[in-house]
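Contents: one structure, followed by commentary.
Chain A is the first sequence line, chain B the second, and so forth, proteins listed ahead of strands; every chain is numbered from 1.
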Number of protein chains: 2
Amino acid sequence: MSLEHILLGMLRTPATGYDLRAEFLAGARYFWSAELGQIYPALASMEQRGWLKSSRQPSPKGPQRRIYRRTAQGTRELRRWLASEPIMGTERFAYLAQLIFLGELGDLDQTERFLQQLREKQSALLELLDQVRQGTSGAAQCDSQTTDAEFHEWLCIMFGARAVGARVQWCDEALEIVRRRRASQKEKQK
Amino acid sequence: MSLEHILLGMLRTPATGYDLRAEFLAGARYFWSAELGQIYPALASMEQRGWLKSSRQPSPKGPQRRIYRRTAQGTRELRRWLASEPIMGTERFAYLAQLIFLGELGDLDQTERFLQQLREKQSALLELLDQVRQGTSGAAQCDSQTTDAEFHEWLCIMFGARAVGARVQWCDEALEIVRRRRASQKEKQK
DNA sequence: ATGACCATGTAATCCGTTACATGATTCG
DNA sequence: CGAATCATGTAACGGATTACATGGTCAT
(Lines give C-alpha, C1' and ligand atoms only; values in the text may rest on other atoms or scores of the structure.)
Protein backbone atom coordinates (compact mmCIF):
# COMPACT_ATOMS: atom_id res chain seq x y z
CA MET A 1 0.00 0.00 0.00
CA SER A 2 2.25 2.78 -1.19
CA LEU A 3 -0.32 5.50 -1.76
CA GLU A 4 -1.30 5.77 1.88
CA HIS A 5 2.30 6.09 2.96
CA ILE A 6 2.98 8.68 0.31
CA LEU A 7 0.01 10.71 1.54
CA LEU A 8 1.39 10.36 5.06
CA GLY A 9 4.69 11.73 3.83
CA MET A 10 3.04 14.60 2.01
CA LEU A 11 1.22 15.56 5.19
CA ARG A 12 4.36 17.02 6.76
CA THR A 13 2.10 20.05 7.03
CA PRO A 14 -1.70 19.69 7.38
CA ALA A 15 -3.64 19.65 4.13
CA THR A 16 -6.93 18.69 2.53
CA GLY A 17 -7.47 15.96 -0.05
CA TYR A 18 -7.87 18.65 -2.65
CA ASP A 19 -4.52 20.19 -1.72
CA LEU A 20 -2.78 16.83 -1.98
CA ARG A 21 -4.09 16.23 -5.47
CA ALA A 22 -2.83 19.68 -6.45
CA GLU A 23 0.60 18.70 -5.15
CA PHE A 24 0.58 15.60 -7.34
CA LEU A 25 -0.40 17.65 -10.38
CA ALA A 26 2.14 20.35 -9.63
CA GLY A 27 5.12 18.06 -9.72
CA ALA A 28 4.98 15.06 -7.44
CA ARG A 29 3.47 13.25 -10.43
CA TYR A 30 6.96 12.54 -11.74
CA PHE A 31 7.16 9.74 -9.20
CA TRP A 32 3.53 9.08 -8.24
CA SER A 33 0.02 10.26 -8.91
CA ALA A 34 -3.52 9.77 -7.67
CA GLU A 35 -7.00 11.11 -8.37
CA LEU A 36 -9.49 12.52 -5.88
CA GLY A 37 -11.64 9.41 -6.17
CA GLN A 38 -8.80 7.48 -4.59
CA ILE A 39 -7.46 10.14 -2.26
CA TYR A 40 -10.63 10.90 -0.28
CA PRO A 41 -11.41 7.29 0.66
CA ALA A 42 -7.73 6.69 1.48
CA LEU A 43 -7.62 9.64 3.89
CA ALA A 44 -10.88 8.52 5.51
CA SER A 45 -9.60 5.01 6.09
CA MET A 46 -6.29 6.30 7.42
CA GLU A 47 -8.18 8.43 9.93
CA GLN A 48 -10.16 5.40 11.07
CA ARG A 49 -6.90 3.56 11.58
CA GLY A 50 -5.64 6.42 13.73
CA TRP A 51 -2.86 7.61 11.40
CA LEU A 52 -4.58 10.94 10.77
CA LYS A 53 -6.93 13.33 12.53
CA SER A 54 -9.20 15.66 10.57
CA SER A 55 -10.79 18.97 11.44
CA ARG A 56 -13.25 21.05 9.44
CA GLN A 57 -12.74 24.65 8.57
CA PRO A 58 -14.90 27.02 6.52
CA SER A 59 -13.59 27.97 3.11
CA PRO A 60 -13.93 31.38 1.44
CA LYS A 61 -15.42 29.61 -1.55
CA GLY A 62 -17.01 26.22 -1.82
CA PRO A 63 -17.84 23.76 0.96
CA GLN A 64 -16.05 23.34 4.27
CA ARG A 65 -12.48 22.14 3.98
CA ARG A 66 -11.54 18.95 5.81
CA ILE A 67 -7.99 19.37 7.02
CA TYR A 68 -5.94 16.28 7.81
CA ARG A 69 -2.94 16.16 10.10
CA ARG A 70 -0.68 13.26 11.02
CA THR A 71 -1.01 11.75 14.46
CA ALA A 72 1.95 10.42 16.45
CA GLN A 73 0.89 6.96 15.33
CA GLY A 74 0.87 8.12 11.72
CA THR A 75 4.37 9.48 12.07
CA ARG A 76 5.54 6.18 13.56
CA GLU A 77 4.00 4.31 10.64
CA LEU A 78 5.71 6.63 8.15
CA ARG A 79 9.07 6.06 9.81
CA ARG A 80 8.55 2.32 9.73
CA TRP A 81 7.85 2.54 5.99
CA LEU A 82 10.89 4.73 5.36
CA ALA A 83 13.13 2.33 7.24
CA SER A 84 12.00 -0.61 5.11
CA GLU A 85 13.74 -1.60 1.88
CA PRO A 86 13.41 0.44 -1.30
CA ILE A 87 10.14 -0.67 -2.89
CA MET A 88 10.58 -1.83 -6.48
CA GLY A 89 7.19 -2.10 -8.15
CA THR A 90 6.85 -3.86 -11.48
CA GLU A 91 7.73 -1.34 -14.16
CA ARG A 92 5.35 -1.08 -17.08
CA PHE A 93 6.51 0.61 -20.25
CA ALA A 94 3.93 0.07 -22.94
CA TYR A 95 6.02 2.08 -25.38
CA LEU A 96 8.86 -0.45 -25.14
CA ALA A 97 6.40 -3.20 -25.99
CA GLN A 98 5.30 -1.19 -29.00
CA LEU A 99 8.90 -0.67 -30.09
CA ILE A 100 9.79 -4.34 -29.79
CA PHE A 101 6.78 -5.46 -31.81
CA LEU A 102 7.42 -2.86 -34.48
CA GLY A 103 10.11 -5.28 -35.59
CA GLU A 104 7.43 -7.54 -36.99
CA LEU A 105 6.23 -4.85 -39.37
CA GLY A 106 9.64 -4.56 -40.97
CA ASP A 107 9.11 -0.91 -41.81
CA LEU A 108 11.97 1.23 -40.53
CA ASP A 109 10.11 4.42 -41.48
CA GLN A 110 7.49 3.55 -38.90
CA THR A 111 10.20 2.83 -36.35
CA GLU A 112 11.83 6.18 -37.03
CA ARG A 113 8.54 8.05 -36.67
CA PHE A 114 7.88 6.19 -33.44
CA LEU A 115 11.28 7.03 -31.97
CA GLN A 116 10.84 10.69 -32.87
CA GLN A 117 7.51 10.83 -31.07
CA LEU A 118 8.98 8.97 -28.11
CA ARG A 119 11.84 11.47 -27.96
CA GLU A 120 9.33 14.34 -27.85
CA LYS A 121 7.41 12.79 -25.00
CA GLN A 122 10.48 11.97 -22.98
CA SER A 123 11.87 15.46 -23.32
CA ALA A 124 8.50 16.86 -22.21
CA LEU A 125 9.00 14.78 -19.07
CA LEU A 126 12.45 16.28 -18.66
CA GLU A 127 10.92 19.74 -18.82
CA LEU A 128 8.52 18.83 -16.03
CA LEU A 129 11.47 17.83 -13.90
CA ASP A 130 13.11 21.16 -14.70
CA GLN A 131 10.00 23.05 -13.66
CA VAL A 132 9.87 21.12 -10.41
CA ARG A 133 13.51 21.91 -9.81
CA GLN A 134 12.90 25.61 -10.29
CA GLY A 135 9.62 25.57 -8.37
CA THR A 136 11.21 24.32 -5.17
CA SER A 137 12.91 26.63 -2.76
CA GLY A 138 16.55 25.65 -2.78
CA ALA A 139 16.69 22.67 -5.06
CA ALA A 140 18.26 24.50 -7.99
CA GLN A 141 21.70 23.80 -6.65
CA CYS A 142 22.78 22.03 -3.56
CA ASP A 143 25.38 22.89 -0.97
CA SER A 144 25.72 22.68 2.76
CA GLN A 145 23.33 25.65 3.12
CA THR A 146 20.28 23.68 1.98
CA THR A 147 18.08 21.98 4.54
CA ASP A 148 17.84 18.20 4.75
CA ALA A 149 14.39 18.28 3.17
CA GLU A 150 15.61 20.37 0.24
CA PHE A 151 18.65 18.17 -0.13
CA HIS A 152 16.59 15.00 -0.40
CA GLU A 153 14.24 16.64 -2.84
CA TRP A 154 17.21 17.60 -4.95
CA LEU A 155 18.50 14.01 -4.86
CA CYS A 156 15.15 12.74 -6.15
CA ILE A 157 14.83 15.30 -8.90
CA MET A 158 18.36 14.58 -10.07
CA PHE A 159 17.56 10.88 -10.04
CA GLY A 160 14.64 11.43 -12.37
CA ALA A 161 16.49 13.91 -14.55
CA ARG A 162 19.40 11.53 -15.08
CA ALA A 163 17.20 8.56 -15.92
CA VAL A 164 14.97 10.48 -18.31
CA GLY A 165 17.94 12.33 -19.79
CA ALA A 166 19.51 8.98 -20.62
CA ARG A 167 16.30 7.96 -22.36
CA VAL A 168 16.30 11.08 -24.52
CA GLN A 169 19.93 10.51 -25.45
CA TRP A 170 19.18 6.95 -26.40
CA CYS A 171 16.34 8.08 -28.65
CA ASP A 172 18.80 10.32 -30.49
CA GLU A 173 21.37 7.57 -30.87
CA ALA A 174 18.75 5.03 -31.89
CA LEU A 175 17.42 7.40 -34.55
CA GLU A 176 20.91 7.63 -36.03
CA ILE A 177 21.30 3.87 -36.00
CA VAL A 178 17.91 3.33 -37.63
CA ARG A 179 18.78 5.77 -40.40
CA ARG A 180 22.06 4.04 -41.09
CA ARG A 181 20.38 0.65 -41.11
CA ARG A 182 17.76 1.87 -43.54
CA ALA A 183 20.44 3.27 -45.81
CA SER A 184 22.35 -0.02 -45.86
CA GLN A 185 19.10 -1.91 -46.56
CA LYS A 186 18.35 0.29 -49.58
CA GLU A 187 21.82 -0.34 -50.95
CA LYS A 188 21.32 -4.07 -50.73
CA GLN A 189 18.09 -3.85 -52.68
CA LYS A 190 19.91 -2.53 -55.77
CA MET B 1 -5.82 -1.90 -22.67
CA SER B 2 -2.12 -2.55 -23.14
CA LEU B 3 -1.94 -6.11 -21.84
CA GLU B 4 -4.12 -7.56 -24.56
CA HIS B 5 -2.06 -5.91 -27.27
CA ILE B 6 1.16 -7.08 -25.69
CA LEU B 7 -0.15 -10.65 -25.63
CA LEU B 8 -1.11 -10.19 -29.27
CA GLY B 9 2.43 -9.13 -30.02
CA MET B 10 3.93 -12.03 -28.09
CA LEU B 11 1.82 -14.44 -30.11
CA ARG B 12 4.01 -14.05 -33.20
CA THR B 13 4.22 -17.82 -32.79
CA PRO B 14 1.36 -19.84 -31.19
CA ALA B 15 1.57 -20.33 -27.45
CA THR B 16 -0.42 -21.18 -24.33
CA GLY B 17 -1.19 -18.85 -21.46
CA TYR B 18 1.34 -20.72 -19.39
CA ASP B 19 4.02 -20.18 -22.04
CA LEU B 20 3.28 -16.47 -22.17
CA ARG B 21 3.69 -16.09 -18.43
CA ALA B 22 7.01 -17.91 -18.70
CA GLU B 23 8.08 -15.38 -21.34
CA PHE B 24 7.26 -12.55 -18.95
CA LEU B 25 9.25 -14.18 -16.17
CA ALA B 26 12.17 -14.98 -18.45
CA GLY B 27 12.80 -11.42 -19.48
CA ALA B 28 9.87 -9.54 -20.94
CA ARG B 29 9.20 -8.46 -17.36
CA TYR B 30 11.68 -5.63 -17.76
CA PHE B 31 8.96 -3.75 -19.63
CA TRP B 32 5.73 -5.50 -18.63
CA SER B 33 4.45 -8.38 -16.54
CA ALA B 34 1.26 -10.26 -15.83
CA GLU B 35 0.08 -13.19 -13.75
CA LEU B 36 -1.87 -16.24 -14.92
CA GLY B 37 -4.99 -14.97 -13.19
CA GLN B 38 -5.00 -12.08 -15.62
CA ILE B 39 -3.63 -13.85 -18.70
CA TYR B 40 -6.19 -16.66 -18.98
CA PRO B 41 -9.28 -14.44 -18.90
CA ALA B 42 -7.60 -11.97 -21.28
CA LEU B 43 -6.89 -14.68 -23.84
CA ALA B 44 -10.44 -16.02 -23.54
CA SER B 45 -11.96 -12.60 -24.12
CA MET B 46 -9.64 -11.94 -27.07
CA GLU B 47 -10.77 -15.19 -28.65
CA GLN B 48 -14.42 -14.17 -28.23
CA ARG B 49 -13.60 -10.91 -29.98
CA GLY B 50 -12.06 -12.83 -32.86
CA TRP B 51 -8.45 -11.72 -32.35
CA LEU B 52 -7.30 -15.25 -31.47
CA LYS B 53 -8.23 -18.84 -32.21
CA SER B 54 -7.44 -21.63 -29.78
CA SER B 55 -6.91 -25.34 -30.25
CA ARG B 56 -6.35 -28.03 -27.67
CA GLN B 57 -3.47 -30.41 -27.65
CA PRO B 58 -2.51 -33.15 -25.19
CA SER B 59 0.49 -32.49 -23.00
CA PRO B 60 3.09 -35.07 -21.90
CA LYS B 61 2.45 -33.97 -18.35
CA GLY B 62 -0.47 -32.16 -16.89
CA PRO B 63 -3.78 -31.27 -18.49
CA GLN B 64 -4.41 -30.48 -22.15
CA ARG B 65 -2.67 -27.41 -23.43
CA ARG B 66 -4.81 -24.68 -25.02
CA ILE B 67 -2.78 -23.16 -27.82
CA TYR B 68 -3.66 -19.69 -29.04
CA ARG B 69 -2.82 -18.26 -32.46
CA ARG B 70 -3.49 -14.83 -33.90
CA THR B 71 -6.20 -14.47 -36.49
CA ALA B 72 -5.96 -12.05 -39.43
CA GLN B 73 -8.21 -9.73 -37.43
CA GLY B 74 -5.86 -9.97 -34.48
CA THR B 75 -2.91 -9.06 -36.66
CA ARG B 76 -4.81 -6.05 -38.01
CA GLU B 77 -5.57 -4.93 -34.45
CA LEU B 78 -1.92 -5.30 -33.46
CA ARG B 79 -0.83 -3.18 -36.42
CA ARG B 80 -3.37 -0.52 -35.53
CA TRP B 81 -1.97 -0.41 -31.99
CA LEU B 82 1.62 -0.24 -33.21
CA ALA B 83 0.81 2.65 -35.54
CA SER B 84 -0.67 4.69 -32.68
CA GLU B 85 1.40 7.08 -30.56
CA PRO B 86 3.87 5.85 -27.96
CA ILE B 87 1.81 5.11 -24.86
CA MET B 88 3.09 6.92 -21.77
CA GLY B 89 1.53 5.47 -18.61
CA THR B 90 1.88 7.29 -15.30
CA GLU B 91 5.18 6.22 -13.82
CA ARG B 92 5.14 5.11 -10.21
CA PHE B 93 8.40 4.92 -8.30
CA ALA B 94 7.66 4.25 -4.67
CA TYR B 95 11.39 4.28 -3.86
CA LEU B 96 11.65 7.92 -4.97
CA ALA B 97 8.83 8.78 -2.60
CA GLN B 98 10.71 7.02 0.17
CA LEU B 99 13.89 8.88 -0.66
CA ILE B 100 12.18 12.27 -0.69
CA PHE B 101 10.51 11.71 2.67
CA LEU B 102 13.73 10.44 4.23
CA GLY B 103 14.59 14.14 4.33
CA GLU B 104 12.19 14.54 7.22
CA LEU B 105 14.12 12.10 9.36
CA GLY B 106 17.26 14.18 9.10
CA ASP B 107 19.46 11.12 9.42
CA LEU B 108 22.00 10.90 6.62
CA ASP B 109 23.08 7.42 7.74
CA GLN B 110 19.62 6.17 6.89
CA THR B 111 19.78 7.93 3.54
CA GLU B 112 23.11 6.34 2.77
CA ARG B 113 21.90 2.88 3.67
CA PHE B 114 18.84 3.44 1.52
CA LEU B 115 20.86 4.53 -1.50
CA GLN B 116 23.14 1.52 -1.15
CA GLN B 117 20.19 -0.84 -1.16
CA LEU B 118 18.66 1.01 -4.09
CA ARG B 119 21.92 0.68 -6.00
CA GLU B 120 21.92 -3.06 -5.40
CA LYS B 121 18.41 -3.45 -6.69
CA GLN B 122 18.98 -1.31 -9.75
CA SER B 123 22.10 -3.21 -10.69
CA ALA B 124 20.19 -6.47 -10.29
CA LEU B 125 17.80 -5.06 -12.89
CA LEU B 126 20.77 -4.29 -15.11
CA GLU B 127 21.87 -7.88 -14.82
CA LEU B 128 18.45 -9.06 -15.92
CA LEU B 129 18.78 -6.90 -19.01
CA ASP B 130 22.19 -8.44 -19.66
CA GLN B 131 20.79 -11.93 -19.37
CA VAL B 132 18.02 -11.05 -21.78
CA ARG B 133 20.59 -9.64 -24.18
CA GLN B 134 22.60 -12.85 -24.08
CA GLY B 135 19.53 -15.06 -24.15
CA THR B 136 18.31 -13.70 -27.46
CA SER B 137 19.61 -14.93 -30.76
CA GLY B 138 21.49 -12.02 -32.27
CA ALA B 139 20.90 -9.18 -29.90
CA ALA B 140 24.38 -9.19 -28.39
CA GLN B 141 25.63 -6.83 -31.05
CA CYS B 142 23.82 -5.33 -33.94
CA ASP B 143 24.85 -4.95 -37.56
CA SER B 144 23.17 -5.21 -40.93
CA GLN B 145 23.14 -9.03 -40.60
CA THR B 146 20.56 -9.07 -37.83
CA THR B 147 16.91 -9.47 -38.71
CA ASP B 148 14.43 -6.66 -38.16
CA ALA B 149 12.95 -8.49 -35.17
CA GLU B 150 16.36 -8.91 -33.54
CA PHE B 151 17.24 -5.31 -34.32
CA HIS B 152 14.13 -3.98 -32.59
CA GLU B 153 14.70 -6.23 -29.63
CA TRP B 154 18.23 -4.87 -29.38
CA LEU B 155 16.89 -1.29 -29.48
CA CYS B 156 14.56 -2.03 -26.57
CA ILE B 157 17.14 -3.77 -24.46
CA MET B 158 19.59 -0.91 -25.00
CA PHE B 159 16.87 1.54 -24.05
CA GLY B 160 16.36 -0.21 -20.74
CA ALA B 161 20.08 -0.72 -20.15
CA ARG B 162 20.83 2.96 -20.67
CA ALA B 163 18.03 4.17 -18.42
CA VAL B 164 18.83 1.74 -15.62
CA GLY B 165 22.56 2.28 -16.06
CA ALA B 166 22.03 5.98 -15.51
CA ARG B 167 20.14 5.18 -12.30
CA VAL B 168 23.00 3.07 -10.98
CA GLN B 169 25.49 5.81 -11.80
CA TRP B 170 23.35 8.34 -10.01
CA CYS B 171 23.23 6.14 -6.92
CA ASP B 172 27.02 6.12 -6.87
CA GLU B 173 27.30 9.88 -7.29
CA ALA B 174 24.56 10.50 -4.74
CA LEU B 175 26.34 8.28 -2.22
CA GLU B 176 29.47 10.38 -2.62
CA ILE B 177 27.50 13.59 -2.18
CA VAL B 178 25.74 12.27 0.91
CA ARG B 179 29.05 11.31 2.47
CA ARG B 180 30.53 14.73 1.81
CA ARG B 181 27.46 16.41 3.23
CA ARG B 182 27.59 14.32 6.35
CA ALA B 183 31.25 15.12 6.80
CA SER B 184 30.61 18.85 6.54
CA GLN B 185 27.72 18.57 8.98
CA LYS B 186 29.91 16.88 11.56
CA GLU B 187 32.49 19.63 11.22
CA LYS B 188 29.89 22.26 11.92
CA GLN B 189 28.83 20.51 15.10
CA LYS B 190 32.26 21.03 16.64
C1' DA C 1 5.74 -39.81 -0.25
C1' DT C 2 6.85 -35.08 -0.72
C1' DG C 3 7.63 -31.30 -3.24
C1' DA C 4 8.40 -28.95 -7.66
C1' DC C 5 6.73 -28.20 -12.14
C1' DC C 6 3.06 -28.57 -15.75
C1' DA C 7 -1.45 -26.63 -16.87
C1' DT C 8 -6.00 -24.53 -16.66
C1' DG C 9 -9.30 -22.12 -14.76
C1' DT C 10 -12.36 -19.16 -11.12
C1' DA C 11 -13.07 -16.04 -7.20
C1' DA C 12 -11.91 -12.62 -3.92
C1' DT C 13 -9.70 -8.59 -3.28
C1' DC C 14 -7.19 -4.44 -4.08
C1' DC C 15 -5.56 -0.56 -6.64
C1' DG C 16 -6.81 3.20 -9.85
C1' DT C 17 -9.59 5.93 -13.11
C1' DT C 18 -13.69 8.00 -14.57
C1' DA C 19 -18.19 9.50 -13.94
C1' DC C 20 -21.81 11.24 -11.12
C1' DA C 21 -23.94 14.38 -7.57
C1' DT C 22 -23.85 18.78 -5.15
C1' DG C 23 -23.23 23.50 -4.46
C1' DA C 24 -20.69 28.01 -3.65
C1' DT C 25 -17.57 31.65 -5.70
C1' DT C 26 -15.17 34.22 -9.06
C1' DC C 27 -14.01 35.99 -13.54
C1' DG C 28 -15.14 37.24 -18.19
C1' DC D 1 -25.20 34.16 -17.68
C1' DG D 2 -21.81 30.61 -18.33
C1' DA D 3 -17.43 28.55 -17.46
C1' DA D 4 -13.70 27.63 -14.33
C1' DT D 5 -12.13 26.72 -9.80
C1' DC D 6 -12.98 25.37 -4.99
C1' DA D 7 -14.34 21.37 -2.38
C1' DT D 8 -16.21 16.90 -0.81
C1' DG D 9 -17.90 12.79 -1.41
C1' DT D 10 -19.90 8.11 -3.72
C1' DA D 11 -20.46 4.69 -7.35
C1' DA D 12 -19.23 2.12 -11.28
C1' DC D 13 -15.87 0.04 -13.68
C1' DG D 14 -11.43 -1.84 -15.22
C1' DG D 15 -6.78 -3.57 -14.34
C1' DA D 16 -3.75 -6.46 -11.44
C1' DT D 17 -2.50 -9.61 -7.61
C1' DT D 18 -3.33 -13.43 -4.72
C1' DA D 19 -5.67 -17.34 -3.32
C1' DC D 20 -8.31 -21.37 -4.26
C1' DA D 21 -9.49 -25.71 -6.75
C1' DT D 22 -7.92 -29.62 -9.51
C1' DG D 23 -4.99 -33.08 -10.98
C1' DG D 24 -1.11 -35.21 -13.66
C1' DT D 25 4.24 -36.10 -14.02
C1' DC D 26 8.88 -36.34 -12.42
C1' DA D 27 12.84 -36.29 -9.47
C1' DT D 28 14.76 -36.84 -4.61
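Each of C:dC6, D:dT17, C:dT17 was ranked by its minimum atom distance to the side chain of B:T90; first place goes to C:dT17. Nearest nucleotide to the side chain of A:R65, out of C:dC15, D:dT8, C:dG9: D:dT8. When the nucleotides D:dA16, C:dC15, D:dC6 are ranked by their closest atom to the side chain of A:P63, D:dC6 comes out on top. Here the side chain of A:W32 is nearest to one of C:dG16, C:dT17, D:dT17, namely C:dG16.
Each of B:K61 and B:R92 was assigned the nucleotide of DNA chain C with the nearest heavy atom; the assignment lying further toward the 5' end belongs to B:K61. Mapping A:L36 and B:Q38 onto DNA chain C via the closest heavy atom, the residue that lands nearer the 5' end is B:Q38.
Listed for the B:D19 side chain is a donor-acceptor partner under 3.5 Å among the backbone atoms of B:T16.
Judged purely by distance below 3.5 Å, without hydrogens or angles, the side chains of A:Q110 and A:R113 pair a donor atom with an acceptor atom.
Between D:dA7 and A:S59, a contact under 4.0 Å exists linking OP1 or OP2 to a side-chain N or O. Distances shown here put a side-chain N or O of A:Y18 below 4.0 Å from the OP1 or OP2 atom of D:dC6. When the side-chain nitrogen and oxygen atoms of A:Y40 are compared with OP1 and OP2 of D:dT8, one or more of them lie within a distance under 4.0 Å. Taking 4.0 angstrom as the limit, A:S33 places none of its side-chain polar atoms (N or O) nearer than this to OP1 or OP2 of C:dT17. Side-chain N/O atoms of A:R66 include one lying less than 4.0 angstrom from OP1 or OP2 on D:dG9.
Of the charged side-chain nitrogens involved, none lies within less than 4.0 Å of a carboxylate oxygen, so that B:R12 and B:E153 do not count as a salt-bridged pair.
Put simply, CD on B:E4 is 13 Å from C1' on D:dA16, counting in whole angstrom units.
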